[in-house]
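Heads up, the thing below is written out as structure tokens.
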There are 2 protein chains.
Amino acid sequence: MGGMNPASDMANDMVTDTAAAQEPRWLTDEEQRTWLAYVHATTLLEDHLDRQLQRDAGMPHLYYHLLVVLSAQPQRRLRMTELAMKTKITRSRLSHAVARLEKNGWVRREDCPSDKRGQFAVLTDGGQEMLDKSAPEHVAAVRQALFDRLSPGQQKALGEIMEIVAEGLQPKEVGADLPWLR
Amino acid sequence: MGGMNPASDMANDMVTDTAAAQEPRWLTDEEQRTWLAYVHATTLLEDHLDRQLQRDAGMPHLYYHLLVVLSAQPQRRLRMTELAMKTKITRSRLSHAVARLEKNGWVRREDCPSDKRGQFAVLTDGGQEMLDKSAPEHVAAVRQALFDRLSPGQQKALGEIMEIVAEGLQPKEVGADLPWLR
DNA sequence: CCCCCGTAGTTGAAGTCTCAACATTTCTTG
DNA sequence: CAAGAAATGTTGAGACTTCAACTACGGGGG
């Protein structure tokens, strides 16, 4: 089941070069299986939730998640850039998404009084109602696909792992590795 | 940090109803954190790999993965439906993807002699070369984002968890839970 | 005060994905 | 063997995403 190993399955050769990636460290068989399982699971789960929410709420998972995040904010509102950061998407993507959600009446835009460039994305009452209505089905789907299948220990491990991975990919605060190579 | 709990944070009420989902079991705080971390990590990682591969190989991650799977097959070829199943995508999506990859010269289509409906997707020599060329950068990206940040125990746990989740979402062999409700 | 630069957010075009409909071919069953 | 049912793969339209370019505003330094 080759994957990331176009050359050989041997153990890594001695590294005789400077620093970065002269002879790449291929994935071991175990790592390949893990990576393949990761790709499969994330693909299937995202597809599954997209279909579930498209059916029950009329929008893809990301859009639903935007509403969820907004609903947890003080005035059910957030500046566009903040919302983009909290949901790990680009401002452009968010702009398109909010335009669509606005057309559906779940979200409304408001100008920011202190910064004339700024815009707030505000969850409307209709948006909150739609969330309340579709939340049970959604949480059930997440449970059935994920939590109900994992032991408590696995759930704990999953949380820790995902926090590490997310932390490592945050665009902000590079700090740690080789900032001079970027 | 509300998420899936529009009503309350109290423990689950006593269930007084028939079977499925009358009063949904909301996610606990811990489960909400885990779920949020999962969404963040998978979003960021897929975006990261899409950008890395778009830059280094001129295609998104899924397309690259299609080539990887093909390259591991006996004659570097697979029937469309088999390739779709192995990569967990729909036949339609695969059709579009292969059309694009064919235009780029990485893949070629071939008729199946034994089934006149069938088509093989075949990885071309050019496709294999491009894989060989971009594999080092890609494996490095996967390592840096995932494996290098996890302990051996976490890697093992991740593999097991993802296999469970993927297994549970396979469209085939429903079997286990409540097939009569679908 | 003005210029330059950085930030906030939007836009349009091109690429990708979903969904339903479709044409073909194969399988199944009476 | 002749339907009807199922499987294979494609197609087109509409929805979503990406990328780069763009407008508009805010914040210093001269």
Side-chain angles (χ1 to χ4, degrees), chain A residues 42-44 46-55 57-66 77-104 106-122 171-172, chain B residues 42-44 46-55 57-66 77-104 106-122 171-172:
Chain A
T42 54
T43 300
L44 287 168
E46 189 61 12
D47 271 30
H48 185 65
L49 293 184
D50 272 342
R51 284 201 178 76
Q52 183 266 310
L53 284 169
Q54 195 69 54
R55 171 167 54 76
M59 65 186 110
H61 180 218
L62 167 68
Y63 288 35
Y64 185 89
H65 186 60
L66 292 174
R77 79 189 47 210
L78 224 40
R79 286 285 294 271
M80 295 293 285
T81 297
E82 279 185 273
L83 183 51
M85 288 192 308
K86 270 199 197 308
T87 50
K88 272 64 187 170
I89 65 177
T90 62
R91 288 194 298 279
S92 172
R93 190 177 177 183
L94 178 61
S95 237
H96 289 295
V98 166
R100 198 271 221 187
L101 291 171
E102 197 171 26
K103 207 167 295 179
N104 283 259
W106 313 131
V107 164
R108 151 175 45 93
R109 285 182 221 245
E110 273 184 29
D111 293 341
C112 176
S114 63
D115 186 340
K116 286 172 191 167
R117 299 167 300 179
Q119 289 276 101
F120 283 100
V122 187
K172 64 170 186 178
Chain B
T42 55
T43 301
L44 287 167
E46 189 62 12
D47 272 31
H48 184 65
L49 293 184
D50 272 341
R51 285 201 177 74
Q52 183 264 311
L53 284 168
Q54 195 69 53
R55 172 167 54 75
M59 66 186 106
H61 181 216
L62 166 70
Y63 289 35
Y64 185 88
H65 186 60
L66 292 174
R77 78 187 50 209
L78 223 40
R79 286 285 295 271
M80 293 295 283
T81 296
E82 279 185 272
L83 182 52
M85 288 192 307
K86 270 199 200 304
T87 50
K88 272 63 187 169
I89 65 175
T90 63
R91 288 195 296 283
S92 172
R93 189 176 177 183
L94 179 61
S95 238
H96 289 295
V98 166
R100 197 272 221 189
L101 290 170
E102 197 171 25
K103 207 168 295 179
N104 283 260
W106 314 131
V107 164
R108 148 177 46 95
R109 284 183 221 245
E110 273 184 30
D111 293 340
C112 175
S114 62
D115 186 338
K116 285 171 192 167
R117 299 167 299 178
Q119 289 275 100
F120 283 101
V122 187
K172 64 172 188 181

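Every chain is numbered from 1, with letters handed out A, B, ... down the list of sequences. Small disclaimer: the values here were computed from a predicted structure and weren't measured.
Closest of all the heavy-atom pairs between Glu110(B) and Arg77(B) is OE1-NH1, 2.8 Å. The shortest heavy-atom contact between Arg109(B) and Ser95(B) is NH2-O, 3.6 Å. When every heavy atom of Gly58(A) is checked against every heavy atom of Arg100(A), the shortest pair comes out as O-NH2, 3.1 Å. Across every non-hydrogen atom of Phe120(B) and Asp111(B), the tightest pair is CD1-O, 4.0 Å.
Backbone-only contact: Tyr63(B) has heavy atoms under 4.0 Å from sugar-phosphate atoms and none from a base. At a threshold of 4.0 angstrom between heavy atoms, the contacts of Leu94(A) with the nucleic acid are absent. Asp111(A) comes within 4.0 angstrom of no nucleic acid atom, judged by non-hydrogen atoms across all strands. Among the atoms of the strands shown, only primed sugar atoms or phosphate atoms (P, OP1, OP2) are found under 4.0 Å from some heavy atom of Asp115(B).
Along DNA chain D, the nucleotide nearest Thr81(B) and the nucleotide nearest Pro60(A) are compared for position; the residue whose nucleotide lies closer to the 5' end is Thr81(B). For the pair Phe120(A) and Thr90(B), nearest-nucleotide mapping onto DNA chain C gives the more 5' position to Phe120(A). For the pair Ser114(A) and Arg109(B), nearest-nucleotide mapping onto DNA chain D gives the more 5' position to Arg109(B).
Met80(B) places its CE atom 10 Å from the P atom of dT11(D), with the value rounded to the nearest Å. As rounded to whole Å, 13 Å separates atom C1' of dG9(D) from atom CD1 of Ile89(B). Separating the CG atom of Asp50(B) from the P atom of dG15(C) is a distance of 16 Å, rounded to the nearest angstrom. Rounded to an integer number of Å, the gap from NE2 of His61(A) to P of dT18(C) is 15 Å. Computed from coordinates, the Arg91(A) CZ to dA21(D) P distance equals 16 Å when rounded to whole Å. Atom CG of Leu62(A) and atom P of dT16(C) are 19 Å apart (whole Å). Separating the CG atom of Leu53(B) from the C1' atom of dG15(C) is a distance of 16 Å, rounded to the nearest angstrom. Between Arg55(B) atom CZ and dA20(D) atom C1' the separation is 17 Å, expressed in whole Å.
For the pair Arg93(A) and dT18(D), the criterion of a side-chain N or O lying under 4.0 Å from OP1 or OP2 is met. Side-chain nitrogen and oxygen atoms of Arg100(B) include at least one within less than 4.0 Å of the OP1 or OP2 phosphate oxygen of dT16(C). Arg51(A) has a side-chain polar atom (N or O) that falls below the 4.0 Å cut-off from OP1 or OP2 of dC19(C). Look at Ser92(A) and you won't find any side-chain N or O under 4.0 angstrom from OP1 or OP2 of dT11(C).
Between Asp47(A) and Lys88(B) there is no salt bridge, since no side-chain N of the basic residue sits under 4.0 Å from a carboxylate O of the acidic one.
Test Val107(B), Leu53(B), Asp50(B), Leu101(B) against Tyr63(B) for side-chain contact (heavy atoms from CB on, under 4.5 Å) and you get one pass: Leu101(B).
On a pure distance criterion of 3.5 Å, a polar donor-acceptor pair joins the side chain of His96(A) and the base of dG12(C). Side chain Arg117(B) to base dT25(C): a donor-acceptor pair is found below 3.5 Å.
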